[in-house]
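Written out below as structure tokens is the structure these notes cover.
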Amino acid sequence: MKCTTRRLKVNSVYGIVYEKHSNHTPGVTWLDGMVKTPWGYVLVYSWGSDRGRPQSSLRFVFDGYEHCKSIPRRYTKRGLATVAARFAREVVAAEKGGGE
């Protein structure tokens, strides 16, 4: 079996987010990936088009529980990484009773 190593571009202090474009629907783009935080990875997805409703979603597993958040807005790569890091920080603070 052949193993390959991929080098990933980090778009911000914490993030690895890919930008994708639809081949079937012109004007539709989305961001998809994960954002590394001090507490773990946040899976991120942000969708938007010229005509449709934008949507972003965040998923973060902490202390054995999955935490999800949906935001009716499309973000840039940097903005999505910032929102994901903030979301993880809020989850950790809430779970630890005001922790960090």
Side-chain angles (χ1 to χ4, degrees):
M1 180 164 77
K2 182 179 177 183
C3 294
T4 59
T5 302
R6 292 185 352 179
R7 185 173 173 208
L8 302 174
K9 171 75 173 147
V10 176
N11 297 309
S12 72
V13 176
Y14 298 115
I16 300 171
V17 181
Y18 304 99
E19 183 168 5
K20 301 177 182 180
H21 301 274
S22 174
N23 292 333
H24 305 290
T25 310
V28 174
T29 60
W30 66 93
L31 301 174
D32 187 16
M34 60 186 129
V35 176
K36 182 181 175 189
T37 72
W39 309 280
Y41 286 92
V42 179
L43 298 177
V44 296
Y45 180 82
S46 188
W47 178 87
S49 72
D50 299 336
R51 296 175 287 166
R53 272 191 339 223
Q55 184 70 31
S56 297
S57 65
L58 311 168
R59 295 173 62 191
F60 177 56
V61 176
F62 181 74
D63 201 20
Y65 292 93
E66 182 179 26
H67 303 269
C68 302
K69 183 175 187 175
S70 291
I71 305 166
R73 180 172 191 256
R74 187 185 191 290
Y75 288 94
T76 63
K77 290 179 185 181
R78 184 176 177 182
L80 192 57
T82 301
V83 168
R86 185 179 306 133
F87 174 59
R89 189 179 322 112
E90 290 170 357
V91 167
V92 171
E95 291 292 319
K96 290 187 173 183
E100 303 192 34

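What's counted below: heavy atoms across the whole structure, side chains too, no hydrogens, waters or symmetry copies.
Under the rule for a salt bridge (Lys or Arg N to Asp or Glu O under 4.0 Å), R73 has no partner lying at least two apart in sequence or in another chain. For the side-chain contact (heavy atoms from CB on, under 4.5 Å) test, residues two or more places apart in sequence or in another chain that qualify with R86 are T82, V83, R89, E90. Under the side-chain contact (heavy atoms from CB on, under 4.5 Å) criterion, T76 pairs with R78, not counting sequence neighbours.
Atom OG of S56 sits about 11.0 Å away from atom CH2 of W47, to the nearest 0.5 Å. The line from NZ of K96 to CH2 of W39 is 9.0 Å long, rounded to the nearest 0.5 Å. One finds the CZ atom of F60 at 8.0 Å from the CZ atom of F87 (value rounded to the nearest 0.5 Å).
Looking at S46, its side chain never comes within 3.5 Å of a backbone N or O of L31 through a donor-acceptor pair.
Within the 4.5 Å cutoff, side-chain heavy atoms of T37 are placed close to those of V42.
Nearest heavy atom pair, residue Q55 against residue S70, reads NE2-CB, 3.3 Å.
For the side-chain contact (heavy atoms from CB on, under 4.5 Å) with L58, the qualifying choice from L43, V44, V35 is V44, the only one to do so.
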